[in-house]
Enquirer: 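The structure is given below, and queries will be raised subsequently.
Within every chain, numbering begins at 1; the chains are lettered A, B, ... in the order of the sequence lines, protein sequences first and strands thereafter.
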Amino acid sequence: MALKLHDTLSRAERLLQPLEGQTLKLYCCGPTVYGPAHIGNFRTFVLQDVFRRVIEQGGLATLHVRNLTDVDDKTIRDSLKAGQPLADFTRGWTDKFHADCAALNLLPPHFEPGAVAHIPHQIRMIETLIARGHAYAAADGSVYFKVTSFPAYGRLSHLDERELKPAAAATDSDEYGKDSVADFALWKSRKPEDGPNFWSSPWGEGRPGWHLECSAMALEYLGEDFDVHSGGVDLVFPHHENEIAQSCCATHGHFARHWFHIAHLMVDGGKMSKSLGNLYTLDDLARRGYTAAETRYVLINGHYRAPLNFTFHSLDASRQALQKLARNEQALRTAAGGTSAPAAPGPFAAAWALLEDDLNVPGALGEVFATLNRLKPAGLPAEEAAAALAGLHFLLAALGLQLPELREEGTEAAPAEILALAEQRWQAKQARDWATADTLRKSLEEAGWLVKDGKDGWQLTRWA
RNA sequence: GGCGAGGUAGCAAAGUGGUAAUGCACUGGUCUGCAAAACCGGAAUGCGCGGGUUCGAUUCCCGCCCUCGCCUCCA
């Protein structure tokens with residue numbers, strides 16, 4: 001195992017080695033469950049999944065924690081709007097999230113804690129922070145973290161090199177009582193708009209602040225020190241900066257050793273937003289006929305540190321690419337006379353090396369194709385084909401790519417009238433009545449079936 | 001305005017101090033009555049702009065332009 005990964009904090013590529021033993025501890029900021037996640041959210045989760053798969057293929061174990069934010073402004077607001085108890089509301093969207101994750105072939109985290117279930121942990125952490133002089137309760141019962149009490153604040157996002165936009169310092173009317181505008185909430189006192197969603201604490205009724213949940217859960221499941229913390233780039237500031245401050249001040253640990261941030265997905269060259277109508281969910285794409293596997297391919301086929309431009313053309317390209325991989329895989333299987341366990345990259349060593357070099361997925365995919373093109377699977381001797389097949393499976397497993405069914409079958413599934421049309425066309429063709437044959441072929445195409453002529457007969461393929 | 005990430009063929013996207021992967025699209029051939037699919041080939045002549053360093057820069061340095069993100073609860 002020799003994965004080099006860029007670290008946001010040190011701004012350098014660093015070799016990843018578990019702090020303890022052979023298990024790499026990974027914390028990922030999860031979704032806020034108040035609606036369906038969009039493909040931009042999933043870019044982050046899919047890349048984290050590839051990361052985990054590469055680590056595991058490389059021979060290490062992982063301990064993967066990804067939280068669910070099931071209490072915050074949006075979940076509360078929308079559950080009240082829906083007239084549902086918060087827990088029921090977020091459970092529904094959590095189920096949807098899990099279904100989407102499964103469709104995208106994401107490995108489930110080992111722990112997936114929710115914020116609501118860990119409120120005591122968060123309260124305990126706040127008590128520690130207050131006791132150590134890093135936090136204070138305001139008059140209204142909210143508790144804030146005192147940013148000036150942590151000199152290292154801002155290291156991750158290089159705050160010291162930045163000049164905050166004057167407007168950004170505008171006070172939030174909800175958060176009066178803060179000593180400094182930079183201080184952030186650990187506990188938010190109960191407000192009328194929270195409805196029935198409040199919990200009791202030493203500071204009165206209220207609910208936990210968003211940043212704290214990740215610190216508390218990371219501590220609970222991974223300990224004071226762990227290997228990698230990951231999320232979308234937009235979380236660098238303030239979320240991750242705040243997590244570092246809370247965790248380092250509440251424990252004696254160093255918190256995460258390595259920060260892994262994934263760049264955003266763009267659509268048609270611009271940002272994704274509801275108002276532009278270019279914010280897609282997995283279901284939106286499914287309605288247009290694209291599979292989750294095709295979506296996954298699109299999402300991983302760009303380096304994680306660079307913005308990736310999503311287009312429907314790239315989805316079409318992914319479909320073709322996956323078909324090509326499937327054909328090659330089948331050719332290798334035929335040549336090898338069976339499958340074998342994916343134990344090593346074999347002839348795909350160059351592709352694997354690219355994955356180990358800062359998770360260069362597009363480079364690795366390019367290398368997979370280049371290797372296949374060189375190998376010419378159909379003509380390989382059985383032994384070489386078997387090694388290549390195992391290697392291909394090794395790479396596909398690391399990327400989490402599931403190959404589609406080859407588009408060969410279909411004739412059996414065709415309805416009787418389609419079969420009749422096809423047979424009629426074949427007869428016309430035998431009679432060298434090309435005009436009739438072509439007309440019938442066109443009708444079949446309009447009905448959604450492509451005709452493929454063989455030597456002694458025809459085949460149908462579902463087309464639309 | 002500050003900080004960060006980017007600008008590579010029609011689209012997407014790797015990579016490199018010395019003739020620029022890969023996928024899609026395009027195109028020639030095989031096959032076919034013609035196609036489709038598949039297979040075997042091919043072309044692109046493309047590294048944002050201007051300087052500098054260098055024998056040589058897309059790659060390093062400087063300046064500029066453009067895009068995207070963050071700038072206090074957006075993956």
Enquirer: Can you tell me how the ring of Tyr153(A) sits relative to the ring of Phe237(A), calling it parallel under 30°, perpendicular over 60° and tilted otherwise?
Expert: perpendicular
Enquirer: Just checking Gly40(A): base, sugar-phosphate only, or nothing, at a heavy-atom cut-off of under 4.0 Å?
Expert: base
Enquirer: Please state how far atom CD in Glu13(A) lies from atom C1' in rA5(B), giving the value in whole angstrom units.
Expert: 15 Å
Enquirer: Can you list everything that forms a ring-ring contact (aromatic ring centres under 6.0 Å, His included) with His239(A)? Sequence neighbours excluded, please.
Expert: Trp210(A), His211(A)
Enquirer: Would you check, one step at a time, whether the test side chain to side chain donor-acceptor pair (under 3.5 Å) holds for Ser142(A) with Asp140(A)?
Expert: CA-CA 6 Å; Ser142(A) 292; Asp140(A) 71 339; 3.3 Å; yes
Enquirer: What is the distance, rounded to the nearest whole Å, between atom CD of Gln323(A) and atom P of rC39(B)?
Expert: 11 Å
Enquirer: Under 3.5 Å, side chain of Asp49(A) to main-chain N/O of Phe45(A), donor-acceptor pair present?
Expert: no
Enquirer: Quick one: Asn373(A) CG to rC39(B) C1', roughly how many Å, whole number?
Expert: 12 Å
Enquirer: Measure from CG on Asp49(A) to C1' on rA75(B) and round the result to the nearest Å.
Expert: 15 Å
Enquirer: Report which part of the nucleic acid Ala378(A) touches: base, sugar-phosphate, or nothing (heavy-atom distance under 4.0 Å, all strands).
Expert: nothing
Enquirer: Whole Å only: how far is the CG atom of Leu308(A) from the C1' atom of rU8(B)?
Expert: 15 Å
Enquirer: Rounded to whole angstrom units, what separation is found between the NE2 atom of His261(A) and the P atom of rC3(B)?
Expert: 20 Å
Enquirer: Check the distance between rC66(B)'s P and Met266(A)'s CE and give it to me in whole angstrom.
Expert: 16 Å
Enquirer: Which nucleotide, rA37(B), rC11(B), rG4(B), lies nearest any side-chain atom of Arg11(A)?
Expert: rG4(B)
Enquirer: Any luck finding a side-chain donor-acceptor pair between His38(A) and Asn41(A) under 3.5 Å?
Expert: yes
Enquirer: How does RNA chain B look in dot-bracket form if you count Watson-Crick and G-U pairs under 3.5 Å, write [ ] for pairs that cross, and put | where a base pairs with another strand?
Expert: (((((((..(((.....[...))).(((((.......))))).....(((((..]....))))))))))))....
Enquirer: Nearest to the side chain of Asn41(A), which nucleotide is it out of rA75(B), rG23(B), rA14(B)?
Expert: rA75(B)
Enquirer: Reading RNA chain B from 5' onward, which residue's closest nucleotide shows up sooner: Thr32(A) or Phe310(A)?
Expert: Phe310(A)
Enquirer: Does rG23(B) have OP1 or OP2 under 4.0 Å away from a side-chain N or O of Lys324(A)?
Expert: yes
Enquirer: For His264(A) and rA75(B), say yes or no: do the ring centres fall under 5.5 Å of each other while the ring planes differ by less than 30°?
Expert: yes
Enquirer: Closest approach to the side chain of Leu450(A), judged atom by atom: which nucleotide of rA36(B), rC24(B), rU72(B) is it?
Expert: rA36(B)
Enquirer: Can you say whether the rings of His261(A) and Trp259(A) are parallel (under 30°), tilted (30 to 60°) or perpendicular (over 60°)?
Expert: parallel
Enquirer: Out of rU22(B), rA14(B), rC3(B), which nucleotide sits closest to the side chain of Ala370(A)?
Expert: rU22(B)
Enquirer: Under 4.0 Å between a side-chain N/O of Asn360(A) and OP1 or OP2 of rA14(B), yes or no?
Expert: no
Enquirer: Specify whether Phe226(A) and His229(A) have parallel, tilted or perpendicular ring planes, treating 30° as the upper limit for parallel and 60° as the lower limit for perpendicular.
Expert: tilted
Enquirer: State which of rG69(B), rA75(B), rC24(B) makes the closest approach to the side chain of Lys271(A).
Expert: rG69(B)
Enquirer: Determine whether the aromatic ring centres of Tyr221(A) and His118(A) lie less than 6.0 Å apart.
Expert: yes
Enquirer: Is the distance between the ring centroids of Phe255(A) and Tyr27(A) under 6.0 Å?
Expert: no
Enquirer: For Ile262(A), answer base if it contacts any base atom (sugar-phosphate contacts may also be present), sugar-phosphate if it contacts only those atoms, and nothing otherwise; contact means non-hydrogen atoms under 4.0 Å.
Expert: nothing
Enquirer: Can you see if the side chain of Arg327(A) gets near the phosphate of rC39(B) - specifically, an N or O under 4.0 Å from OP1 or OP2?
Expert: yes
Enquirer: For nucleotides 26-33 of chain B, list the nitrogen or oxygen atoms of the protein found under 3.5 Å from its nitrogen or oxygen atoms, one pair per line.
Expert:
unit_1  : atom_1 : unit_2    : atom_2 : d
rG33(B) : N1     : Asp438(A) : OD1    : 3.0
rG33(B) : N2     : Asp438(A) : OD2    : 2.9

Enquirer: Just checking His313(A): base, sugar-phosphate only, or nothing, at a heavy-atom cut-off of under 4.0 Å?
Expert: base
Enquirer: Taking any heavy-atom pair under 4.0 Å as a contact, classify Lys376(A): base, sugar-phosphate, or nothing.
Expert: sugar-phosphate
Enquirer: Looking at Arg155(A), I'd like to know if its CZ atom is crowded, meaning that more than 12 non-hydrogen atoms belonging to other residues, nucleotides or ligands lie closer than 6.0 Å.
Expert: no
Enquirer: How long is the line joining CG of Asn309(A) and C1' of rC11(B), in whole Å?
Expert: 9 Å
Enquirer: Distance check: side-chain N/O of Lys74(A) vs OP1/OP2 of rC74(B), anything under 4.0 Å?
Expert: yes
Enquirer: Determine the interplanar angle of the Phe394(A) and Trp352(A) rings, folded into 0 to 90°, and report it as parallel if under 30°, tilted if 30 to 60°, perpendicular if over 60°.
Expert: perpendicular
Enquirer: Consider the side chain of His303(A), meaning its heavy atoms from C-beta on, and name the nucleotide among rG23(B), rU72(B), rA14(B) that approaches it most closely.
Expert: rA14(B)
